[in-house]
Structure formats: structure tokens, C-alpha cells
Amino acid sequence: MALKIFNTQSKKKEEFQPLQEGKVGIYVCGITAYDVCHVGHARSAVVFDVITRHLRSKGWDVTYVKNFTDVDDKIIDRARREKTGIGEIAERFIREHDRDMAALGVLPPTFSPRATESIPEMIRLIGDLIAKDLAYPMDGDVYYAVGRFPGYGKLSGRNLDEMLSGARIDSDKKRSPLDFALWKASKEGEPWWESPWGRGRPGWHLECSAMSRRYLGDTFDIHGGGEDLIFPHHENEIAQSEGATGKISVRYWVHNGFVRVNSEKMSKSLGNFFTIRDILQQYHPEVLRFFLLQSHYRSPVDFSDSALNEARQGMNRIYSMLKALKDESGGNGAEAVSAERDKETAVQLETLPKRFAESMDDDFNTARAIGHLFDAVRMINAAMAEKKPVVSSGVLLQAEKTFLGIGDVLGLFQQEPDHYLRSDREREAAKRGLAVAEIEQRIAERLAARKAKAWARADEIRNELAEKGVLLRDGPDATTWTIA
RNA sequence: GGCGGCAUAGCCAAGUGGCUAAGGCAGCGGUCUGCAAAACCGUUAUUCUCCGGUUCAAAUCCGGAUGCCGCCUCCA
């Protein structure tokens with residue numbers, strides 16, 4: 001099966017061929033470490049985590065690089081406000097970032113370079129650009145001469161003249177308003193490094209060119225990031241990298257869509273953001289992942305509590321099936337007769353990984369892939385619901401194995417089903433200020449009433465709990481509960 | 001102002017020329033159940049924002065309108 005990837009530059013789905021047989025290099029723009037991450041960052045992280053997992057599941061040896069910007073105006077501002085060093089600020093928020101990512105089940109990249117570790121590479125890159133007359137020093141700064149790079153605008157689909165007409169002048173040091181800083185002379189109290197142009201620090205765009213080249217080479221397979229980075233950040237990266245090397249730098253550009261809140265982009269500047277950790281207090285990390293993966297990575301997603309709750313219900317459906325599967329395979333279904341349903345289910349399960357992989361190969365269509373998953377859920381439930389145990393232990397085991405295998409690619413279903421469902425109940429109960437022990441006490445009372453066939457009493461307790469949002473489910477020998 | 005994207009059921013969301021327009025959530029009817037819930041079965045868009053056009057054939061391609069969003073300043 002051939003993998004197709006939508007390339008931002010060509011605006012088409014293209015068949016993906018790694019540069020080197022069996023190996024894939026992927027670079028994703030990470031965060032500027034000056035604050036905790038919000039759900040927008042979570043989307044980018046989860047999307048590229050799943051992309052990387054899928055590439056690996058295809059047998060490729062993936063080198064995944066995601067950087068940290070650890071020197072930047074915002075970091076400097078914050079350090080100043082908090083009367084501490086930029087190193088401390090960056091260190092702190094890198095740690096917070098790593099904590100959030102771990103909680104989200106995002107696998108660590110192969111390399112997580114920090115900008116300040118590649119200053120010599122950046123200085124060399126600037127030197128090459130100046131030598132090629134693509135950059136010019138000016139009073140301790142160095143600027144990229146955008147007009148001298150012929151391909152400028154090829155990623156974002158803009159042309160220089162149009163941009164020039166709308167550009168505003170933000171510095172009189174630049175020859176053209178579109179030129180951007182490769183190196184900034186350090187001002188009083190700012191961090192600096194020695195360079196041929198004096199003490200200063202690197203421009204933001206330069207960092208990614210230097211780091212991607214250092215870890216992945218002049219030309220590499222995939223470069224990713226949020227769609228807000230297309231212009232100017234990624235356009236400038238192309239100008240820098242390709243200007244310096246004369247080679248194509250990135251073969252496939254991949255950009256994820258935004259997380260929105262009430263139809264507006266979630267962002268720091270709008271102030272309409274939710275931090276990852278706040279959301280994870282209210283929802284299981286897999287619910288957040290599932291929510292994000294239910295839409296295609298290039299579409300915008302609208303973030304809301306009700307949307308998360310819908311995702312939560314969907315996850316409960318799958319985990320309930322997985323739990324039933326476990327209960328069943330440990331129980332009397334083990335030596336079942338091989339009925340028609342059994343064969344049907346087995347066939348569907350055999351083809352599920354293929355259908356899943358095909359969806360993923362079609363530009364990482366997780367939404368469709370998840371649809372296939374639910375088809376299988378219904379079938380497995382149907383097989384288990386038949387009166388007689390018509391599903392053989394082999395099929396049950398296969399079902400479990402298949403779901404866990406697919407879960408490895410999506411980063412879902414990693415929990416023990418029973419544990420997941422219990423933690424969901426407990427979390428939801430806590431949100432509503434309900435005590436689990438009290439609920440279970442009432443359920444025990446009701447169970448006693450039911451045994452005595454005191455139905456009125458039993459229903460009274462059930463209604464009382466239902467008013468609080470606690471829904472009961474009577475099993476053969478126990479009553480479980482969930483929250484609406 | 002320049003450039004670009006999106007519009008599919010009550011809500012979310014796949015599908016980008018031709019089989020019955022996936023799937024989830026919510027709802028309704030049934031099976032099951034002491035009654036429920038869950039699960040299962042059935043059902044919920046003769047139609048894909050609107051108006052034209054191309055085609056034997058369009059949600060899918062083209063033109064126009066309307067609405068929403070993004071980038072052009074830092075931003076995943």
C-alpha cells in the first residue's frame with residue numbers, strides 16, 4: 001500500500017517515497033518555551049505523534065526531530081518580569097511541556113534539540129548566506145535579502161510584489177520591509193553569543209533551518225507544524241536552507257489545522273485557550289486524543305466541553321466492548337461452537353487492520369480509520385450478544401489483539417479496560433461533587449432491596465441516583481454504574 | 001486591501017465524478033430486562049449553503065452569490 005501525503009507546497013496529495021530506502025526523517029516545529037502548552041499545541045503534538053507512529057508501523061526507521069526555541073523575545077520578557085534568567089524560564093517550560101506530552105501519551109521524539117545548542121551551525125549558515133549575497137549585515141544585525149531568493153513565496157503561494165504593496169515598515173535598517181532578521185544585535189540585558197557581526201542572538205526562523213539540517217541533513221522527507229507557521233516561518237526556512245545549500249530542503253510539507261473555540265482560533269493572544277493540564281484534570285488523556293483524531297488533521301476542530309463529552313462517550317463505548325471481550329474470554333465463551341457469526345466476525349477482524357492502514361495511508365485519515373473501528377465494535381458486540389456463545393476464544397483473542405495493535409498507532413486503548421472505565425466514573429463523579437463511596441453504598445442498598453424483590457424501594461434509589469447523573473446497569477451478579 | 005481555506009442530518013464528522021452519502025453523539029420504535037440501563041435490530045440527509053454551467057452521470061469539476069474562518073505581526 002502506498003502512502004499518500006498532502007503536500008502544502010503542491011496543494012496535492014502525493015505518493016510518499018522516502019529519500020532513503022527504509023528511512024524517514026521528519027522535523028516538526030516545537031514550542032517556544034515561555035509558557036505552558038494549550039490544546040492547540042496538543043493537537044500538533046498528537047497529530048505528528050500519530051503520523052510518526054503510523055510511519056513506524058509501516059516498517060520505516062523514523063528519525064523524528066522536534067525542537068525547542070529557548071531564546072526569544074517572549075522568553076526574555078518573561079525572565080525580566082520574573083527577575084530570573086532566560087535559561088531558568090526555558091528550562092522550566094521545557095519540563096512542563098515534557099510533562100504534558102507524557103501525560104498525553106505522546107512518544108518522545110528521537111531528538112529534541114534546543115536552539116541554543118546549535119549557535120555555531122547558525123552562524124555558519126549566516127556566513128554562507130552572506131557569501132552568496134542572500135544576506136547582509138547592518139549595524140550588528142544580519143538580514144535576509146528576500147528579493148534575492150527566486151523561490152520566495154513558493155510554499156505559501158504569495159508573490160513578492162503583492163506582499164511589498166501591503167507591507168509595513170517596521171525597521172529602517174532593512175533594505176526591504178520583507179527582509180527578516182537572521183541575527184539580532186543584543187541589546188542591554190539580553191543574552192548574547194559572539195559572532196563575526198558582533199554580540200547577538202539568532203533570529204527565530206534561522207533556528208529551525210540550522211537544527212533540521214544538523215539532525216536530518218540538507219534534504220529530508222517531512223517537515224511539519226501548525227498551519228500558522230506556513231508564512232512567514234516556513235517560507236523563510238526554505239529561503240535560508242535552500243539559499244545556503246542550493247538543494248531542496250523539504251520534500252513534503254505537512255501542516256495541521258487549528259483548534260478553535262467558538263469558531264475562533266485558540267491562541268495565547270486571543271486569550272481563549274485551555275491549557276492541556278486543565279483539560280486533563282477533567283478528561284482522560286485518551287479522550288482528548290480521541291477527540292483530536294476524530295477529525296482529519298488538516299480540518300479545523302471546534303473545542304468545547306460538549307464536544308469532549310461526546311468523545312468521552314465514544315471512548316466509553318470502545319472500552320466497554322474491550323471489557324466485555326475480556327470478561328467473555330475468561331468466561332464460558334471459551335470453547336464455543338464455530339457458528340456463522342463466528343466466521344463472519346473473524347473475517348471482519350482479519351480485514352480491519354488492512355482497512356485501518358488504508359485509511360491512514362490516505363493522508364493520515366484518522367477520522368475514517370476510527371469509523372472502521374466502530375464498525376468492528378458493533379460486530380463484536382453483536383457476536384457477543386447472541387444467546388449462545390457463538391464466538392470462539394480464538395476470535396475473541398483476535399479482536400482484542402487487533403484493537404490493541406491499532407491502538408498502538410493511535411495512542412489509544414492503552415489502559416486496562418476495567419481501570420479506564422473506573423477512572424472515568426471516578427473523574428466524572430468528582431466533577432459533580434459526588435462521593436464514590438456514597439454512590440456504591442446506595443447501590444449496595446438497592447441490590448439488597450432487589451434481592452428481596454422490593455422493586456419500589458430499588459427504583460426509588462435508582463431514580464435518586466439518576467437525578468445526580470448516575471446511571472445504573474444491572475448485570476447477572478453485580479450492578480455497575482456510569483455517569484451520563 | 002492581498003492571498004488561501006471551509007460550508008454534508010438536531011450536533012460532530014468521513015466521503016472529492018457513477019455501487020444503498022461511513023462513523024460517533026443525541027432522538028425514536030423494537031428485542032432483552034421485575035422495570036430500566038448497556039448491548040443488539042430497525043429508524044432519523046430522495047440529498048450535500050444558494051444560483052447557474054460542464055457531463056450520459058456531480059456533494060464531488062467550472063463560474064457566481066452568501067456565510068464563516070485563517071495567513072499577511074508573535075503564534076501549533
Side-chain angles (χ1 to χ4, degrees), chain A residues 8 11 13 28-32 34-35 37-48 66 72-74 153 156-159 161-168 170 178 204 224-233 235 255-260 263-270 273 290-291 294-296 298-302 304 306-307 309-318 320-321 324 355 359 362 365-387 450 453-456 458-459 462-463 466 471-475 479-482 484:
Chain A
T8 307
K11 295 188 178 169
K13 280 186 201 172
V28 174
C29 292
I31 59 154
T32 297
Y34 76 105
D35 208 342
C37 293
H38 58 64
V39 175
H41 300 108
R43 184 175 196 195
S44 186
V46 168
V47 161
F48 288 102
K66 181 175 163 181
D72 172 87
D73 290 344
K74 287 181 173 169
S156 56
R158 293 156 205 247
N159 79 56
D161 295 337
E162 277 165 0
M163 282 190 283
L164 272 171
S165 66
R168 58 178 185 190
D170 58 351
L178 296 177
W204 177 51
E227 66 177 334
D228 46 0
L229 299 182
I230 295 170
F231 190 88
H233 185 54
E235 196 68 66
H255 293 96
N256 65 275
F258 297 133
V259 175
R260 298 185 192 167
S263 298
E264 265 184 340
K265 176 183 174 183
M266 180 186 289
S267 71
K268 278 285 287 178
S269 42
L270 286 170
F273 62 92
F290 181 76
F291 163 74
Q294 263 188 310
S295 303
H296 186 88
R298 282 189 279 120
S299 311
V301 289
D302 258 291
S304 69
S306 64
N309 210 47
E310 282 178 18
R312 177 186 152 245
Q313 299 292 8
M315 281 298 284
N316 279 352
R317 178 168 162 83
I318 296 176
S320 296
M321 182 278 289
R355 281 177 287 143
S359 298
D362 184 11
N365 195 331
T366 53
R368 199 204 296 156
I370 287 171
H372 292 314
L373 237 40
F374 279 104
D375 287 337
V377 169
R378 195 190 319 107
M379 191 146 30
I380 295 163
N381 276 333
M384 287 192 293
E386 298 217 353
K387 281 280 186 207
R450 288 188 72 222
K453 296 201 190 293
W455 307 125
D459 291 351
R462 185 173 61 200
N463 291 339
L471 300 180
L472 304 187
R473 191 180 306 176
D474 293 326
T479 294
T480 57
W481 59 281
T482 184

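Letters A, B, ... are given to chains in the order of the sequence lines, protein chains preceding strands, and every chain is numbered from 1. For the numbers below, each heavy atom of this structure counts, side chains included, while hydrogens, waters and symmetry mates do not.
Residue A:R298 contributes atom CZ, which lies 17 Å from atom P of B:G4 at whole-angstrom precision. Put simply, CE on A:M384 is 12 Å from C1' on B:A38, counting in whole angstrom units. Atom pair A:D474:CG and B:C32:C1' shows a separation of 13 Å (rounding to whole Å applied). Rounded to whole Å, atom C1' of B:C35 lies 6 Å from atom CZ of A:R462. In this structure, A:D72 places its CG atom 10 Å from C1' of B:C75, rounding to the nearest Å. Rounded to a whole Å, the NZ atom of A:K11 is 11 Å from the P atom of B:C3. Rounded to whole Å, atom C1' of B:C71 lies 12 Å from atom NE2 of A:H255. Atom pair A:I230:CD1 and B:G4:C1' shows a separation of 9 Å (rounding to whole Å applied).
Among the heavy atoms of the strands, none lies under 4.0 Å from A:M321. Residue contacts for A:F48: at a heavy-atom cut-off of 4.0 Å it reaches no nucleic acid atom on any strand shown. Heavy atoms of A:G225 sit under 4.0 angstrom from primed sugar atoms or phosphate atoms, though from no base atom. Note on A:N256: a base of the nucleic acid sits closer than 4.0 angstrom, heavy atoms only. If you check every strand for non-hydrogen atoms under 4.0 Å, A:R260 touches sugar and phosphate atoms only. A:K74 comes within 4.0 angstrom of a base, heavy atoms only. At the heavy-atom level, A:G257 lies under 4.0 Å from base atoms of the strands shown.
Rounded to whole Å, the separation between the P atoms of B:U73 and B:A57 comes to 47 Å. When the C1' atom is used for both B:U8 and B:U16, the distance is 12 Å, rounded to whole Å. Between B:G64 and B:C69, the distance separating the two P atoms is 22 Å to the nearest Å. Here the separation of B:A9 from B:G23, taken at their P atoms, is 16 Å to the nearest Å. Taking atom C1' on both B:G30 and B:A38, the two are 16 Å apart, rounded to the nearest angstrom. A distance of about 23 Å separates the P atoms of B:G24 and B:U31, rounded to the whole Å. Here the separation of B:C25 from B:A65, taken at their P atoms, is 41 Å to the nearest Å. Using atom P as the reference point in both B:C6 and B:G10, the two lie 23 Å apart (nearest Å).
Across all strands shown, B:U54 remains unpaired; no Watson-Crick or G-U wobble contact has both distances below 3.5 Å. B:U73 is unpaired under the criterion used here, namely a Watson-Crick or G-U wobble arrangement in which both key atom distances are under 3.5 Å. Judged by Watson-Crick or G-U wobble contacts below 3.5 Å, the nucleotide B:G42 has B:C28 as its partner. Under the Watson-Crick or G-U wobble criterion, with both distances below 3.5 Å, B:C6 is paired with B:G67. Pair assignment for B:U33 gives none, since no Watson-Crick or G-U wobble pairing has each distance under 3.5 Å. For B:U47, there is no paired base (Watson-Crick or G-U wobble, both distances below 3.5 Å).
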Carefully, step by step, assess A:F231 and A:R158 under the rule side-chain contact (heavy atoms from CB on, under 4.5 Å).
-> CA-CA 9 Å; A:F231 190 88; A:R158 293 156 205 247; 3.6 Å; yes
Stepwise side-chain contact (heavy atoms from CB on, under 4.5 Å) check, A:T8 with A:E227 = CA-CA 9 Å; A:T8 307; A:E227 66 177 334; over 6 Å; no
Would you please test A:K13 and A:D362 for salt bridge (charged side-chain N to carboxylate O under 4.0 Å, His left out) and show each step?
-> CA-CA 8 Å; A:K13 280 186 201 172; A:D362 184 11; 2.8 Å; yes
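The side chain of A:V259 has B:A76 as its nearest neighbour among B:A76, B:C40, B:C35. Listed nucleotides: B:G24, B:G70, B:G34. Nearest to the side chain of A:K265: B:G70.
Remark on RNA chain B: of its neighbouring residues A:L178 and A:F290, the 5'-side contact belongs to A:F290, judged by nearest-heavy-atom nucleotide. Of the residues near RNA chain B, A:Y34 and A:Q313, the one whose nearest nucleotide (by heavy atom distance) lies more toward the 5' end is A:Q313.
Shown here are the side chain to side chain contact (heavy atoms under 4.5 Å, CB included) partners of A:Q313, two or more places apart in sequence or in another chain: A:N309, A:N316. With sequence neighbours excluded, no residue forms a side chain to side chain donor-acceptor pair (under 3.5 Å) with A:T482. Evaluation of the side chain to side chain contact (heavy atoms under 4.5 Å, CB included) rule for A:P300 yields A:R260 as partners, not counting sequence neighbours. Not counting sequence neighbours, the partners of A:H372 by the side chain to side chain donor-acceptor pair (under 3.5 Å) test are A:S359. Under the side chain to side chain donor-acceptor pair (under 3.5 Å) criterion, A:S44 pairs with A:N256, not counting sequence neighbours.
A close approach under 4.0 Å does occur between a side-chain nitrogen or oxygen of A:W204 and OP1 or OP2 of B:C75. Between A:R450 and B:A36 there is no side-chain polar atom (N or O) within less than 4.0 angstrom of OP1 or OP2.
Between the side chain of A:D228 and the base of B:G70, no donor-acceptor pair under 3.5 Å is found.
A donor-acceptor pair under 3.5 Å is formed between the side chain of A:D302 and the backbone N or O of A:S263.
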Nucleotide by nucleotide, 5' to 3', does protein get under 4.0 Å of the base (B), only the sugar-phosphate (S), or neither (-) in nucleotides 9-22 of chain B, counting heavy atoms?
-> ----SSS------B
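For B:G23, the base is not stacked against the aromatic ring of A:F374, per a cut-off of 5.5 Å between centres and 30° between planes.
Of the inter-residue distances, the one linking A:L472 atom CG with A:R450 atom CZ reads 9.5 Å to the nearest 0.5 angstrom.
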